[in-house]
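In listed order, ligands and their atoms are each counted from 1.
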Amino acid sequence: MQVFRTVSGFRAACENARTAGLGFVPTMGALHDGHLALVTEARRHAPTVAASIFVNPTQFGVNEDLARYPRDLEGDLEKLQKAGADLLFAPAVEEMYPEGEQTRVSVSRVAAPLCGSFRPGHFEGVATVVTKLFAITGACTAVFGRKDYQQLAVIKRLTIDLRLPINVVGFPTVRDLDGLAKSSRNFYLSPSERAQALAIPAALAEAQDTFSNGDRDAAAIANRARKRIEALTDRIDYVEVVDADSLEPVVGNKIDHRALLAIACHVGKTRLIDNVVLGEDARVVLGEKA
Ligand code: AMP
């Protein structure tokens, strides 16, 4: 695997790979099996796979975890190598945000609800860095996790709106055996907090069962999930059932054929997000501990 620190070096490598096809997996590092599954997925689309590791400062709010975000470049290199990535871009902040920089990319409606209302500026930071990365890689198939469902929606929107030659692929959420979605932020959880966090996949699975049994009442499904989460976690940002495309409220509160149940809550100091698309995603499998 070739490692690049500069935009110019990475751009040239992408250019060489592009004729045969380039797959791209952007990450913030502290890699787990969820990230590595994206690398494997990218390989299905293209003979050369590039990953990036960049903890993007502009997507963190002032009171968020930028300074303590887990970093393990050595370990990440080994994992990416094993997963079969060919190129890795790991730039310094100044390489992505050159001296005097003043440009931001902002997506409006789809970035507004859910995490958008709890993390002001977050999606602007995401949209900006992803647009920069796409401008460097050029045409490619970029793979993102559905774990960050709204982020995926924002990136799909900006790719269409800016007419970028990027094929954006969403990959299903990879979970631990107990059902908890894999996340770099799970590293923060103590064993007892981790047990609390299992309320999240349990709530998602319950909602999927309710939906399978024919319930189409968006508010009722959300309320039930909220109760389950409330009992075990420390603070809820949101538990909502929304239209899976627009992320806006379900029209008439009646789910047509599919809808997104999205959850963001805090366990101790750690903010966790998760979701399922009711009527679309495979049922969340809960392990024995859940
Ligand atoms: P991050 O490093 O958290 O910015 O994530 C980088 C990419 O990995 C994003 O596209 C995430 O949606 C994706 N990702 C993170 N966790 C998971 C997971 N458990 N399953 C699938 N994709 C994931």
Answer yes or no: is there a donor N or O on one side and an acceptor on the other, between the side chain of T128 and the main chain of V105, under 3.5 Å? yes
Amino acids in close contact with ligand 1, where any non-hydrogen atom sits under 4.0 angstrom away: P26, T27, M28, H32, G34, H35, L38, Y69, F144, G145, K147, D148, Q151, P172, T173, V174, K182
Using ring pair (Phe, Tyr, Trp, His ring centres under 6.0 Å) as the criterion, list what pairs up with F60, not counting sequence neighbours. Y69
Salt bridge (Lys or Arg N to Asp or Glu O under 4.0 Å) pairs, two or more places apart, involving residues 114-132: E64-R119
All heavy atoms of R68 vs all of K269, minimum pair found to be NH2-O, 3.6 Å
Grouping ILVMFWY residues whenever side-chain heavy atoms fall under 4.5 Å, the cluster of M1 otherwise contains V3, V25, L31, L36, L38, V39, V49, I53, L73, L77, L80, L88, V143, V169, F171, V174
Search all heavy atoms of D76 against all heavy atoms of G29 and return the closest pair with its distance. OD2-CA, 3.4 Å
